[in-house]
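Below you'll find the structure, written out as structure tokens, and then a few comments.
The figures here come from the full heavy-atom set of this structure, side chains too, leaving out hydrogens, waters and symmetry mates. Just so it is clear, the model here is predicted, and its values are computed rather than measured.
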Amino acid sequence: HKLKRDLLKLIGVGEFSDCAEFRDPCMSYVLPEVICKTCNYCRDLDLCRDPYIAQDNAAVPVWKCSQCGHEYSKTNIEHLLIGAVQRKSMAYVLQDVACSKCNTVKQDNLSKYCKCAGDYKGTISVQGFTDSVRTFRNIARHFQLPVLLEMVEWIQSMNPDIRI
């Protein structure tokens, strides 16, 4: 802890500053309940940090089962990811609108302001959704998943607020 404080002091950053907070530079996505077709083992698969990713020098990385060592179907994982992207997109589009002051969810469709005179804002931020879309795009590019990449690019083209 003292080492971290001393190093931050050397570069002129306060110990409790937002800049001193660790942010993972490599966003990943954990795909829940992936089932191996060979041994029926079910586990959550961290797509970018999984220790059972097999990667030859020239080939595209593939995920392997931690129980039997068999490769997961790339098509099956792509379909699971497409479903995840669709759910995230649907959640963003159909999100609740809440007051920025009192955090109550908007009850009616006509009022422009909350009863406490606060503005309404979406419960899912544009930045949060953009980060999710960026993560899926990076996964699609790295693992060469063309259908997922096409879907992510389509979502990006249909939402002008998203800047990736």
- Task: Scan residues 125-164 for pairs that pass ring-ring contact (aromatic ring centres under 6.0 Å, His included), counting only residues two or more places apart or in two chains.
- Result: Y29-F136, W63-F143, Y92-F129
Could you pull out all donor-acceptor pairs under 3.5 Å where a side-chain atom in residues 76-85 meets a protein atom, sequence neighbours excluded?
from, atom 1, to, atom 2, distance (Å)
E78, OE2, V147, N, 2.9
E78, OE2, L148, N, 3.1

- Set of residues satisfying side-chain contact (heavy atoms from CB on, under 4.5 Å) with respect to C42, sequence neighbours excluded: E33, I35
- Taking only residues two or more places apart in sequence or in another chain, which ones pass ring pair (Phe, Tyr, Trp, His ring centres under 6.0 Å) with Y72? none
- Pairs flagged by ring-ring contact (aromatic ring centres under 6.0 Å, His included) wherever residues 96-122 is involved - sequence neighbours left out: none
- Does the side chain of L149 reach to within under 4.5 Å of the side chain of R141, using non-hydrogen atoms? yes
- Co-members of L110 in a cluster of I, L, V, M, F, W and Y side chains, linked at under 4.5 Å: none
- Note on the structure: Besides V13, the hydrophobic cluster formed by Ile, Leu, Val, Met, Phe, Trp and Tyr side chains linked at under 4.5 Å, directly or via other members, contains L8, I11
- Message: Counting C-beta onward and ignoring hydrogens, is there a side-chain heavy-atom pair between M151 and Q86 closer than 4.5 Å?
- Response: yes
- May I ask you to decide if D119's main-chain N or O and S100's side chain share a donor-acceptor pair within less than 3.5 Å? yes
- Set of side-chain hydrogen bond (donor to acceptor under 3.5 Å, both in side chains) partners for E153, sequence neighbours left out: none
- Task: Would you sort out whether T135 and S28 count as a side-chain contact (heavy atoms from CB on, under 4.5 Å), showing the intermediate values?
- Result: CA-CA 6 Å; T135 300; S28 187; 5.7 Å; no
- Any residue meeting salt bridge (charged side-chain N to carboxylate O under 4.0 Å, His left out) with K2, in chain and number order, not counting sequence neighbours: D6
- Query: Quick one: side-chain hydrogen bond (donor to acceptor under 3.5 Å, both in side chains) partners of S73, sequence neighbours excluded?
  - Reply: none
- Would you please name every residue forming a side-chain contact (heavy atoms from CB on, under 4.5 Å) with N138, sequence neighbours left out? R134
- Are any of the side-chain nitrogens in R43 or D50 under 4.0 Å away from the carboxylate oxygens of its partner? yes
- Task: Any chance you could pull the hydrophobic cluster mates of V105, using side-chain heavy atoms under 4.5 angstrom and chaining through other members?
- Result: none
- Query: Looking only at heavy atoms, which two atoms of C39 and Q67 are closest? And how far apart?
  - Reply: SG-CB, 4.0 Å
- Task: Could you tell me whether the side chain of S111 reaches within less than 4.5 Å of the side chain of K106, counting heavy atoms only?
- Result: yes
- Task: Using a 4.5 Å cut-off on heavy atoms from C-beta on, say whether the side chain of K74 contacts that of L145.
- Result: yes
